[in-house]
Amino acid sequence: MWKTCSSGIDSLIDLQACAASLWGFNKQGARESSVLQQEKEEMATLTMRVLAMVSMFICLTTVAHAAQGLAVYYNPPYTPSACLGGRDVGTLVAGVNDALWGNGAACGRKYKVTCIGAANEAPHPCKPNRFVIVQVVDYCRPVCYGDINLSRDAFNRIADLDAGKIRIQYDQVG
């Protein structure tokens, strides 16, 4: 290739053509390069569309599996508990009703809990755009006033304590 370039360079145009051919570029190569670039861009666009669809599906599936119910709160101390006895795991804990308890199978489960509305006369109990993740450490015995009995601290993260009872959406996360 070098011999071709070294012989017959009579002008700047010949020099440019020679340099382009040394680096593998020519009119056809440039066209192929732009086609390849266009294909890459189309593939990237397609990939982004697929990822967006998968993300939407995951979000909708997550929402579809979330349950709704009622939550109340209880005051400390949070120990002893039915699951952990005297062991303390912090203040973002909860007790659950019979339906969730499962003979103690609920111990250690974690739930993402979101306030979705009032369950009594409190007009706007929910704190906007808030959720809390709680660990089940206790059993809320019959005459439990909610599906999930949140610790005071957990309840206060998602709702006004004065409400006392709220409608919630909850989903097991661990």
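Numbers here are sequence positions counted from 1.
- Linking Ile, Leu, Val, Met, Phe, Trp and Tyr whenever their side-chain heavy atoms come within less than 4.5 Å puts Leu92 and Tyr170 in one cluster.
- Taking CG of Asn97 as the reference point, atom CZ of Arg141 lies at 13.0 Å (rounded to 0.5 Å).
- When the side chains of ILVMFWY residues are joined at heavy-atom separations under 4.5 Å, either directly or via intervening members, Val89 and Tyr74 end up in a single hydrophobic cluster.
- Taken together through direct or relayed side-chain contacts under 4.5 Å among Ile, Leu, Val, Met, Phe, Trp and Tyr, Trp101 and Leu150 form part of one hydrophobic cluster.
- Between Thr91 and Tyr78, the closest side-chain pair of non-hydrogen atoms falls below 4.5 Å.
- Under a cut-off of 6.0 angstrom, the local environment of CG in Asn75 is crowded, with over 12 non-hydrogen atoms contributed by other residues, nucleotides or ligands.
- The two residues Val134 and Ala94 make their nearest non-hydrogen contact at CG2-CB, 3.8 Å.
- Here disulfide (SG to SG under 2.5 Å) pairs that include residues 143-174, with residues two or more places apart or in two chains, are Cys140-Cys144.
- Heavy-atom neighbours of Phe131 CZ from other residues, nucleotides or ligands within 6.0 Å: at or below the threshold of 12.
- Rounded to the nearest 0.5 angstrom, Lys112 NZ and Ile168 CD1 are separated by 13.0 Å.
- In the hydrophobic clustering of this structure, Tyr139 does not group with Val72; members are Ile, Leu, Val, Met, Phe, Trp, Tyr whose side-chain heavy atoms approach within less than 4.5 Å, directly or through other members.
- Contact annotation: the side chain of Leu70 never approaches that of Tyr145 to less than 4.5 Å [non-hydrogen atoms, C-beta and beyond].
- For Lys127, the NZ atom is densely surrounded, since the number of other residues' heavy atoms within 6.0 Å is greater than 12.
- Neither side chain, Asp153 nor Tyr73, offers a donor N or O lying under 3.5 Å from an acceptor on the other.
- For the side chain to side chain contact (heavy atoms under 4.5 Å, CB included) test with Val137, the passing option among Thr79, Val93, Val96 is Val93; the others fail.
- Closest non-hydrogen pair, Cys115 versus Pro125, comes out as SG-C, 4.5 Å.
- Separating the CG atom in Asp162 from the CD atom in Glu121 is a distance of 14.0 Å, to the nearest 0.5 Å.
- Between Arg157 and Arg130, the shortest heavy-atom distance links the atoms O-NH1, 2.9 Å.
- Here the closest non-hydrogen pair linking Gly90 and Asp88 is N-OD1, 2.9 Å.
- One hydrophobic cluster holds both Ile158 and Tyr111 under the rule that ILVMFWY side chains link at heavy-atom gaps under 4.5 Å.
- Side-chain N or O atoms of Asp160 include none that pairs as donor or acceptor with a backbone N or O of His124 at under 3.5 Å.
- With rounding to the nearest 0.5 angstrom, the CG atom of Asn149 is 8.0 Å from the CG atom of Asp138.
- In plain terms, the two heavy atoms of Arg167 and Ala119 that are nearest each other are N-CB, 4.0 Å.
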